[in-house]
There are 2 protein chains.
Amino acid sequence: MDGPPPPRVPTLADVAARAGVSTATVSRCLNAPDRVQKDTRDRILEAVKHLGYSPNFGARALAAKRTDTIGAIIPTMDNSIFARGLQAFQTALVDHGMTLLLASSSYRRDLEETQIRTLVARGADGLLLIGHDRDPALYDFLARHTVPVLVSWVFDPTQPRPSVGFDNRQAMAEMTHRVLAQGHRRLATISGYTSDNDRTRDRVAGVRDAMAEVPDCAPLNVVETRYGIETGARAFAQILAKTPETTAVICGNDLLALGAMRQARTMGLRVPQDISITGFDDMEIAVIADPPLTTVRVPHGDMGRQAASMLTEMVRSGTTPDTVALPCEIMERGSLGPAPRS
Amino acid sequence: MDGPPPPRVPTLADVAARAGVSTATVSRCLNAPDRVQKDTRDRILEAVKHLGYSPNFGARALAAKRTDTIGAIIPTMDNSIFARGLQAFQTALVDHGMTLLLASSSYRRDLEETQIRTLVARGADGLLLIGHDRDPALYDFLARHTVPVLVSWVFDPTQPRPSVGFDNRQAMAEMTHRVLAQGHRRLATISGYTSDNDRTRDRVAGVRDAMAEVPDCAPLNVVETRYGIETGARAFAQILAKTPETTAVICGNDLLALGAMRQARTMGLRVPQDISITGFDDMEIAVIADPPLTTVRVPHGDMGRQAASMLTEMVRSGTTPDTVALPCEIMERGSLGPAPRS
DNA sequence: TTGTAAGCGTTATCAC
DNA sequence: GTGATAACGCTTACAA
């Protein structure tokens, strides 16, 4: 006696046989239901359900030349900087009938490049990338493969690619204005690494923009480091070692700011009485810092949702949308105060 | 005059033609290089490079019946709870030549179910899931489709599926032991929702396990809520309203603990002099809380990396690995102190 | 070691 | 509205 019959995964042909129609009709019924008569449609759907049929992905991709899959490459998932936007992006993609292929580059240009190629090879219909900064050859590659690209986390209308994001430079300038308005004139900045990273560069540029409008500012002390609490703490110590007269430290990221605040406390400095500290991102923890962190609120959710619909539209229609700017908001909380009268 | 020739994407046949061999040989050369002679291999690789050939994903999936793609469904990316483990998982996956298909369920059982089906339909070769709790019919479905499943974030050897994770129950019992050792006898717990969630249930059970060993404990006050800082704060207020004699609040998650600490401060309670608070996860921010949070360190990175190799192995060899337990570690910092002598 | 050729399961273009 | 049937581009026995 034989074992049970091999539980083969049902195919279109099985459904067609059971419904007494051709495979073409079944395919139509599944992809354009109204191009098939009601009663045959019912028969087909019954068969589909009965057999537990689900289309073969490879076959569909091969025949239809699309995968309904969107690739995204973000610098890191180690903290929630990108995770929140990604969450919104993924959820919205699902609503559009798309699936997310995800990779992270660890902020490394070479890794990002191989991952872009991998995702394209894996059949991504479109790509979401963070920032514009990358080898032009890569954009050529994507164009040759006719893979639409949407850039996020930035707003730079001078770039040739569509993007959905916020103006890092202007947001940081606005924050710096607030700092200057409090009377601070000896500023320092803790920035993420600026090589291959237009967001961090723009943020530092924003600080300088605002400072340029005020005549009596001391030169800006800029320290670059990796994003993180520990690194922020070290950078803060470094700043106070070099320019102890600093009264405000503008951080390119909330983690850096939290690290800076911890280090300030360690060094016996009161925030904001002795020194002011600001962040960027408005992570959930900004409000529980002590004092609560004054920071720039980034529109993570909107960005993710908009990116999903724009990219889906690009893939489905082949069009190129206009670049979209989303507003940031300065969240004034407790960590920014008046400059101490030295 | 015509425009430029349509830049068709090169196929295996193109490569074969240029190298003067059959498509079979090219295919072999790409998948098992040592089964083809050195000089023909060189010719083929030259052709591949010259043409910029990259295999068609759909065709390969159809013919080979695999996609080298692993699906993962996590409850949320909104905070870094899962993001860190996922980062390690994804990075390790790439090292194994796999790509990550990601979905998040927002802690909703129905959403998770449809996403599991979607990922399988999208050709995921294997699946990483968080926790064991789900409809048995789903596991049947996965078995029928011969999709190997690895469960993570838990260790429960009584379950029929392999998993890689930590013992939530034991870890929480250990933490509770430390709390009891400080003389606390009136405990409360802020837990994540326990329906459809074995991790949260196990953590609460762990608290009870430890309490059961001590005779003079007051009944445990348990409040369930969504994971978050705000919700943690509200839960804390709720607890003190109902059982104001509580001297220690054991939280199922760091976010809840941070919210609780903030609320305690708001209510004029000193941590840990008036009330002790503990967390779970050891998120990066635990150390910058004031006082630093005593919490359970979860082996995110190891878990992610191990999950990647186990799942890759399962997919490639069809074997089922043994369940793996990873150790947690109690991080004693400042938020747990001796019970106040009321 | 290499080539031949038969699938793999869809979609899409035609006729009917 | 429905049915044949030819792609789609690759892998993999099997043959040579």
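Quick note on labels: first sequence line is chain A, next is B, and so on, each numbered from 1. Only this structure's heavy atoms are used, side chains among them; waters, hydrogens and symmetry mates stay out.
When rounded to the nearest whole Å, the span between CG of Leu62(A) and P of dA7(D) equals 13 Å. Regarding Gln37(A), its CD atom lies at a distance of 7 Å from the P atom of dG1(D), rounded to whole Å. A straight line from CZ of Arg28(A) to C1' of dT2(D) spans 6 Å, rounded to a whole angstrom. Arg35(B) places its CZ atom 13 Å from the P atom of dG3(C), with the value rounded to the nearest Å. As rounded to whole Å, 14 Å separates atom C1' of dC8(C) from atom CG of Asp14(A). When rounded to the nearest whole Å, the span between CG of Asp68(A) and C1' of dT10(C) equals 13 Å. Computed from coordinates, the Lys65(A) NZ to dT13(C) P distance equals 12 Å when rounded to whole Å. Rounded to whole angstrom, the span from the CG atom of Leu30(B) across to the C1' atom of dT12(D) amounts to 15 Å.
At a cut-off of 3.5 Å, with distance as the only test, no side-chain donor of Ser105(B) or Gln115(B) sits close to an acceptor on the other residue.
Checking Ala24(B) against Ala13(A), the closest nucleotide of DNA chain C that is more toward the 5' end is the one next to Ala24(B). Each of Gly20(B) and Ala64(A) was assigned the nucleotide of DNA chain C with the nearest heavy atom; the assignment lying further toward the 5' end belongs to Gly20(B). Along DNA chain D, the nucleotide nearest Asp34(A) and the nucleotide nearest Thr23(A) are compared for position; the residue whose nucleotide lies closer to the 5' end is Asp34(A).
Taking the six-membered ring where the residue is Trp, Trp153(B) and Phe82(B) present tilted rings, their angle falling between 30° and 60°.
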Please report the C-alpha distance between Ile116(B) and Leu129(B) in whole Å, then the side-chain angles of each, then the deciding distance to 0.1 Å, and finally whether the side chain to side chain contact (heavy atoms under 4.5 Å, CB included) criterion is met.
CA-CA 9 Å; Ile116(B) 288 177; Leu129(B) 299 176; 4.1 Å; yes

- Item | Audit row: Ser309(B), Thr312(B), side-chain hydrogen bond (donor to acceptor under 3.5 Å, both in side chains) steps and yes/no | CA-CA 5 Å; Ser309(B) 20; Thr312(B) 303; over 6 Å; no

Stepwise salt bridge (charged side-chain N to carboxylate O under 4.0 Å, His left out) test for Lys38(A) and Asp42(A):
CA-CA 6 Å; Lys38(A) 167 115 180 67; Asp42(A) 290 344; 2.8 Å; yes

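Recorded end-axis angle for the helix from dT1(C)-dA16(D) to dC16(C)-dG1(D) stands at 30°, based on five pairs per end and rounded to 10 degrees.
Base contact: Ser27(B) has a heavy atom under 4.0 Å from a base atom.
No salt bridge links Asp14(A) with Arg18(A); every basic N to acidic carboxylate O contact stays at or beyond 4.0 Å.
Proximity of Ser22(B) to the phosphate of dG3(C): a side-chain N or O atom is located under 4.0 Å from OP1 or OP2.
In this structure, Ser152(B) contributes its side chain and Val164(B) its backbone to a donor-acceptor pair below 3.5 Å.
Residues from residues 38-60 of chain B lying near DNA chain D, meaning a heavy-atom separation below 4.0 Å, are Tyr53(B), Pro55(B), Asn56(B), Ala59(B), Arg60(B) in numerical order.
Surrounding CZ of Arg109(A) are more than 12 heavy atoms belonging to other residues, nucleotides or ligands, all under 6.0 Å away. By the 6.0 Å contact criterion, CG on Asp322(A) is open, its count of non-hydrogen atoms from other residues, nucleotides or ligands being 12 or less.
The shortest side-chain heavy-atom distance between Arg316(B) and Met98(B) falls under the 4.5 Å cut-off.
Of the listed nucleotides (dT11(C), dT11(D), dG3(C)), dG3(C) has the atom at the smallest distance from the side chain of Thr25(B). When the nucleotides dT2(D), dT2(C), dA12(C) are ranked by their closest atom to the side chain of Val36(A), dT2(D) comes out on top.
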